[in-house]
Amino acid sequence: MPKLTVDGIAVEVPPNATILQAAEQAGVEIPRFCYHERLSIAGNCRMCLVDVEKSPKPVASCAMPAAEGMVVHTRSDRANKARAGVMEFLLINHPLDCPICDQGGECDLQDQAMAYGADRGRFHENKRAVKDKDLGPLVATTMTRCIHCTRCVRFATEVAGVPELGAVARGENMEITNYLGQMLSSELSGNVVDLCPVGALTNKPYAFGGRPWELRKTESIDVMDAVGTNIRVDAREQRVMRVLPRIHEDVNEEWLADKSRQACDGLSNQRLDRPYVRKNGKLTEATWQEAFAAVTAKVRGLPGAKVAAIAGDLCDAESMFALKELMTALGSTNIDCRQDGAALDARNRASYIFNTSIAGIEQADAILIIGSNPRTEAPILNARIRKRYLKGGLQVGVIGPQVDLTYKAKNLGNDAGIVSQIASGSHEFANVLKNAKKPMLIVGQGALARADGAQILAAAKQIADSCGLIKDGWNGFNVLHTAAARVGGLDLGFVPGNGGKDVRGILDGASKGEIEVVYLLGADEIDSAKLGKAFVIYQGHHGDRGAHRADVILPGAAYTEKDGLYVNTEGRVQAALRAVFPPGDAREDWTIIRALSESLGKALPFDNLAQLRARLRDAAPTFATVDKVQPAAWGAFGTAGQVNATPFEYPVKNYYMTDPISRASRTMARCTEAFVMGGAQKTGTDG
């Protein structure tokens, strides 16, 4: 490995490392605009110039490989003069927009001009102007500010897999533009705002909403899908202003999906901020005591078999555990967290988590995707598959409708019977898996939520066993969830007990009058028409589908308004923190259930969050370890039987509206109008 000296510090770096990477390893800061560690090297901003002994001129450290014996100076007079000159050139055409620029206060150009630039400029000609581009509802453009670092171009092409940005013309006439004037058709397009080192690309929905120093910053976890993306929630007073990504190398690296980033305006719309009780067929405002009294009058004395509970997709583990404890106290085993009826076996953890782990995707050399479109179900995970694809040597097969996944994938057909063929070894893709060193299988909810989901699960297990997906140190069997609450609910056993009914059974029982009380904990994705004449208690934060059918509404807290544990699709327990308080009379969900239990005469044995979490860890030991993936033991699961040849359907029809928060978001409504209603779904075969 090469050894070199950077500002008098001896450092040894891996082969092919650059001078800039060597300086970072030595703890020496070198300014840069175009360089980004997750993108290819462009070397076009020249801000990272350094002085290398025996070199006739300053060297661009981001593009120069480190060599044995190099002596590098990053603070010499020649290096400082070179950077000041580069900064002067960059500012020649840059407008004096700092007071009105949304990037002000967190702008790389501001910071580096202050640290490395001169105190005045020598250019007195007219500055050039560049026409702004329409990149869609999420990204605002002021292209006159652009310094041509090409970060956005490289991100769109390399990470997002949607090469719709590029450069035209040369010299002073060069512009970054969108091809044919089309909008950015990627579920990751908002990341170009984070990447832009100047104010050329900014957050359109957040525009002029606030300055960074005005915002309270809270580290939390995203719940718009099951990836568990690490986020930072920026709030002012009691309003969430924006959501940004946090770095977590094993989960989301530093990316964030568009819905997770921009649906936050839905947190302020259509909120439930006080209890309601249905009187004479109409929901009327009530006090908490009146709401609890209405529930108590209906539930007290009712046999447990006539009471049921369904947990929704955005629930935290604490509220589900509290509701499960309440149902147990009432003698009911009719509980379920699988709103879509997916055939997931809670008895075997390996059967319902992403065993390979999200980071483990980068080791795979063959992937079979069954009934899942990861581009819309988990854009961050899909970007990881694309990252692995770009390294080469990856074969991807898909069983399901034809879609553009942003990487080359062979569509094996949309006949569910192909799963059985691969399991039996009669299909050619079975040999691809067998010949791979680290093969992977991804089963989506589009396969498991069918009537024959249990049989498909068994066939998928047979593929894992027969095609060598289970090896020492490698488990290639994976389930890709779409709901943030699903794995946590399965981990704590929010599934039917002995003799209990699942979601289908609960809805069927309610329509027949066998179930008289149904408790919906944020459950909005069920067919409420099948609830019949049952007494419905809805606890949630938005006036969505479940609230419309409710007889009693108990206003809860959204994910940004409470401390809670969530388990992502790979089984990683993560903690979300409260950024703002719930509106009006709304309360944290577990406290509502605890108060209701006392009204019912079944007081739960915990009075604070610490006590609840202690009982949760005792009941489900997986919650004792936070932010670590625990390998699950391989075992039997699924139900052997015939797989129906019916074609698969992907569960996400409209990426931008999948839950109560995104359905209440005006920004997501604009995205739906632009990308879904305005033409073919942008993830279709035409990309």
Side-chain angles (χ1 to χ4, degrees), residues 1-94 98 103 106-123 127-128 145-155 167 170-174 176 195-200:
M1 295 195 298
K3 297 180 180 178
L4 65 158
T5 302
V6 180
D7 286 353
I9 302 172
V11 60
E12 185 175 2
V13 296
N16 301 322
T18 63
I19 294 177
L20 190 149
Q21 291 169 326
E24 288 184 338
Q25 189 171 322
V28 175
E29 179 186 7
I30 295 179
R32 82 291 299 265
F33 290 116
C34 70
Y35 175 81
H36 192 280
E37 56 269 21
R38 301 190 198 279
L39 303 176
S40 61
I41 294 173
N44 53 7
C45 79
R46 318 310 285 181
M47 192 62 199
C48 65
L49 292 175
V50 295
D51 185 8
V52 179
E53 289 188 5
K54 300 181 181 179
S55 174
K57 60 182 179 179
V59 171
S61 60
C62 72
M64 175 64 73
E68 180 70 30
M70 264 187 177
V71 179
V72 180
H73 302 284
T74 70
R75 297 289 184 270
S76 67
D77 290 340
R78 185 162 73 153
N80 290 335
K81 184 178 180 181
R83 288 180 195 149
V86 169
M87 180 60 70
E88 189 174 8
F89 279 121
L90 289 175
L91 295 177
I92 279 177
N93 283 306
H94 198 78
C98 291
Q103 200 86 336
E106 48 190 7
C107 174
D108 291 347
L109 186 62
Q110 274 187 339
D111 296 340
Q112 294 187 35
M114 192 73 177
Y116 302 100
D119 61 348
R120 69 200 66 196
R122 293 174 289 177
F123 186 81
K127 293 178 180 285
R128 73 165 191 167
R145 302 170 184 161
C146 179
I147 62 170
H148 304 155
C149 72
T150 69
R151 280 187 180 183
C152 57
V153 176
R154 285 174 284 148
F155 174 84
R170 301 182 67 185
E172 190 178 60
N173 297 318
M174 178 179 170
I176 301 297
L195 290 171
C196 185
V198 297

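Sequence positions, counted from 1, serve as the residue numbers for this chain. Note that this is a predicted model, so its numbers are computed, not measured.
- Partners of R38 under the salt bridge (charged side-chain N to carboxylate O under 4.0 Å, His left out) rule, at least two apart in sequence or in another chain, are E249, E253, E254.
- No donor-acceptor distance shorter than 3.5 angstrom exists from the side chain of T150 to the backbone of V153, with no hydrogens or angles considered.
- To the nearest 0.5 angstrom, I30 atom CD1 is 5.0 Å from L20 atom CG.
- Contacts of Q25 classified as side chain to side chain donor-acceptor pair (under 3.5 Å), with partners at least two apart in sequence or in another chain: none.
- Note: Q112 CD to L90 CG = 9.5 Å, rounded to the nearest 0.5 Å.
- Remark: D111 engages no residue in a side-chain contact (heavy atoms from CB on, under 4.5 Å) (not counting sequence neighbours).
- Shortest non-hydrogen contact noted between N44 and C149 is OD1-O, 3.5 Å.
- With values rounded to the nearest 0.5 angstrom, N80 atom CG is found 8.0 Å from T74 atom OG1.
- F155 meets the ring-ring contact (aromatic ring centres under 6.0 Å, His included) test with W255; sequence neighbours excluded.
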Carefully, step by step, assess V86 and F89 under the rule side-chain contact (heavy atoms from CB on, under 4.5 Å). CA-CA 5 Å; V86 169; F89 279 121; 5.7 Å; no
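- Inter-residue side-chain proximity for I147 and C45 is flagged as unmet; no heavy-atom pair is nearer than 4.5 Å.
- Separating the CD1 atom in I92 from the CE atom in M87 is a distance of 12.5 Å, to the nearest 0.5 Å.
- Taking every heavy atom of both residues into account, E29 and Y116 meet most closely at CD-OH, 3.6 Å.
- With sequence neighbours excluded, the residues satisfying side-chain contact (heavy atoms from CB on, under 4.5 Å) with Q110 are C98, C107.
- In this structure, the side chain of Q103 does not engage the main chain of L109 through any donor-acceptor pair within 3.5 Å.
- When side chains are defined from C-beta on, C34 counts as touching R154, because their heavy atoms get closer than 4.5 Å.
- A donor-acceptor pair under 3.5 Å is absent between the side-chain atoms of R128 and the main chain of N93, judged by distance alone.
- Atom-to-atom distance recorded for L4:CG and E53:CD is 11.5 Å, nearest 0.5 angstrom.
- Residue pairs meeting the salt bridge (charged side-chain N to carboxylate O under 4.0 Å, His left out) criterion with at least one partner in residues 69-93, sequence neighbours excluded, are D51-R78, E88-R122.
- Applying the side chain to side chain donor-acceptor pair (under 3.5 Å) test to E24 and every residue at least two apart in sequence or in another chain returns R32.
- Contacts of R145 classified as salt bridge (charged side-chain N to carboxylate O under 4.0 Å, His left out), with partners at least two apart in sequence or in another chain: D97.
- The side-chain heavy atoms of M1 and P15, taken from C-beta on, include a pair separated by under 4.5 Å.
- Contacts of E12 classified as side chain to side chain donor-acceptor pair (under 3.5 Å), with partners at least two apart in sequence or in another chain: none.
- A search for side-chain contact (heavy atoms from CB on, under 4.5 Å) contacts involving C152 returns L165, I176, V192, L201, not counting sequence neighbours.
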Which pairs would a plain distance check flag for residues 54-71, meaning a side-chain donor or acceptor within less than 3.5 Å of a matching protein atom at least two apart in sequence or in another chain?
| unit_1 | atom_1 | unit_2 | atom_2 | d |
| --- | --- | --- | --- | --- |
| S55 | OG | K57 | O | 2.8 |
| S61 | OG | C48 | O | 2.8 |
| E68 | OE1 | K3 | N | 3.0 |

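- In this structure, T5 has no side chain to side chain donor-acceptor pair (under 3.5 Å) partners at least two apart in sequence or on a different chain.
- Listed for the H148 side chain is a donor-acceptor partner under 3.5 Å among the backbone atoms of M174.
- Expressed to the nearest 0.5 Å, how far NE2 of H94 lies from CZ of F123 amounts to 14.5 Å.
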